[in-house]
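Worth saying up front: this structure is predicted, and the values here are computed from it rather than measured.
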Amino acid sequence: ACHFQRGRSIRTSTGMNATQFQIATRALRGVAGSLSVIGATLIIGTFIAYKSIRTVPRFMLVNLAMADLVTAISFLPDINEDTMCKIQAGFRIFGLNSAVFWTTAIPLYMFIAFMLLKPYNKVTVVVVFVFCWIVPLTIALWLGLGRHLGRRVDPTQSCFITNLNATPSGDWDSYNGGNNTTCVFSWQHNYPIIMGYLVWNYLSFFLLPTLYIALKCRIWRLKVSQSFILLIRIHN
């Protein structure tokens with residue numbers, strides 16, 4: 001795989017040439033995408049079929065499943081045509097960022113409900129719904145209008161946010177001169193992938209464990225206090 005380092009060249013370490021690497025990664029994406037489509041479809045179908053389970057947390061879970069469904073479909077085998085590749089890349093960014101937002105919204109809901117004892121009202125649910133769909137859509141449109149979407153110049157040749165400092169198209173081997181696959185990561189030329197995708201992932205990586213640890217501590221304190229009250233009643 002390509003290991004990006006700032007301002008330095010990168011070489012593959014899989015023992016595969018570019019063509020083999022592309023075939024392997026696309027096959028894995030196809031299998032994983034198909035399984036994700038099945039799982040997300042089952043979650044959405046169950047929510048629609050049974051009215052008794054339609055609660056706010058499950059509504060948020062269904063929206064996460066919808067985001068995963070968009071992502072899974074967009075990660076099925078890549079499209080070779082340039083325009084369709086850009087559209088596919090846009091759906092990938094939209095689905096991935098939306099999934100990240102909904103994944104963060106669920107523990108945030110739990111945090112507010114258990115820590116602050118203030119369950120979401122309808123207005124808050126609507127705001128969260130709009131934010132988790134409109135912001136990722138805005139990011140995808142920004143990248144598309146800025147011509148930052150297309151085929152990446154790396155061994156995967158994937159339709160995603162393009163490497164602005166590399167050739168915009170063409171075979172990886174011909175660009176790098178045979179099987180000696182190298183690519184260069186430059187901070188100045190890769191701000192779209194940072195602001196359009198990576199920053200949201202890193203924020204979620206920080207927020208998710210923080211919220212869950214806070215919830216775990218809250219639950220532990222409640223158990224301790226309940227046990228203490230029970231002991232007092234027994235002794236009395």
Side-chain angles (χ1 to χ4, degrees), residues 1-2 4-7 10 25-26 29 32-33 36-37 40 60 62-109 123-170 172 175 183-208:
C2 266
F4 287 94
Q5 299 177 18
R6 183 176 177 180
I10 304 129
T25 53
R26 290 177 183 180
R29 281 203 303 266
S36 296
V37 167
M60 300 174 74
V62 166
N63 279 273
L64 174 58
M66 292 172 63
D68 287 338
L69 182 61
V70 173
T71 304
I73 293 174
S74 68
F75 269 94
L76 293 175
D78 287 326
I79 300 171
N80 292 324
E81 200 274 324
D82 184 59
T83 301
M84 293 303 297
C85 179
K86 293 178 181 179
I87 294 174
Q88 184 181 36
F91 275 102
R92 286 180 176 179
I93 290 298
F94 170 64
L96 285 169
N97 282 332
S98 183
V100 169
F101 284 11
W102 281 112
T103 301
T104 307
I106 293 173
L108 184 60
Y109 167 82
V123 175
T124 307
V125 172
V126 171
V127 171
V128 172
F129 178 85
V130 171
F131 181 85
C132 290
W133 287 115
I134 297 301
V135 173
L137 179 61
T138 303
I139 294 171
L141 290 174
W142 165 65
L143 292 170
L145 295 174
R147 299 181 180 180
H148 300 307
L149 299 177
R151 193 169 300 281
R152 290 185 62 79
V153 183
D154 60 23
T156 65
Q157 290 284 288
S158 177
C159 298
F160 201 62
I161 301 175
T162 56
N163 316 55
L164 296 185
N165 61 321
T167 55
S169 61
W172 177 257
Y175 171 65
C183 49
V184 177
F185 182 86
S186 170
W187 176 272
Q188 292 82 0
H189 295 288
N190 284 272
Y191 70 91
I193 194 169
I194 296 169
M195 299 305 299
Y197 176 63
L198 294 179
V199 66
W200 310 109
N201 280 264
Y202 291 145
L203 283 174
S204 69
F205 292 158
F206 170 76
L207 287 174
L208 288 176

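A tilted orientation is assigned to the rings of Phe75 and Phe160, their planes being inclined by 30° to 60°.
Between the CD1 atom of Ile134 and the CG atom of Leu141 there is a distance of 9.5 Å, given to the nearest 0.5 Å. The CG atom of Leu149 sits 7.0 Å away from the CD1 atom of Ile93 when rounded to the nearest 0.5 Å. In this structure, Tyr197 OH and Ile161 CD1 are separated by 9.0 Å, a value rounded to the nearest 0.5 Å. For the atom pair CG of Leu64 and CG of Leu69, the computed distance is 11.0 Å after rounding to the nearest 0.5 Å. Summarising the geometry, atom CE belonging to Met195 is positioned 11.5 Å from atom NE2 belonging to His148; distances are rounded to the nearest 0.5 Å. Atom CG of Leu108 and atom OG1 of Thr103 lie 12.5 Å apart (nearest 0.5 Å).
Counting only heavy atoms from C-beta outward, the side chains of Asp68 and Ser36 never approach each other to under 4.5 Å. Residues Val135 and Asn97 fail the side-chain proximity criterion, which asks for heavy atoms closer than 4.5 Å. With a 4.5 Å cut-off on side-chain heavy atoms, Phe91 and Ile73 do not count as touching.
The closest donor-acceptor contact from the side chain of Ser98 to the backbone of Trp133 lies at 3.5 Å or more, if one exists at all. Side chain of Asn201 to backbone of Val100: no donor-acceptor contact under 3.5 angstrom is found. Side chain of Ser74 to main chain of Thr71: a donor-acceptor pair is present (N/O by atom type, distance under 3.5 Å, no hydrogens or angles).
Met60 and Val128 make their closest contact through CE-CG1, 4.4 Å (heavy atoms, listed as atom of the first residue, atom of the second, distance). Gly196 approaches Leu143 most closely through the heavy-atom pair CA-CD1, 4.3 Å. In terms of heavy-atom proximity, Phe131 sits nearest to Pro136 at O-CD, 3.5 Å. Considering every non-hydrogen atom in both Ala72 and Gly33, the closest pair reads CB-O, 3.5 Å.
Under the side-chain hydrogen bond (donor to acceptor under 3.5 Å, both in side chains) criterion, Trp200 pairs with no residue at all, not counting sequence neighbours. Cys85 pairs by the disulfide bond (SG atoms under 2.5 Å apart) definition with Cys159, not counting sequence neighbours.
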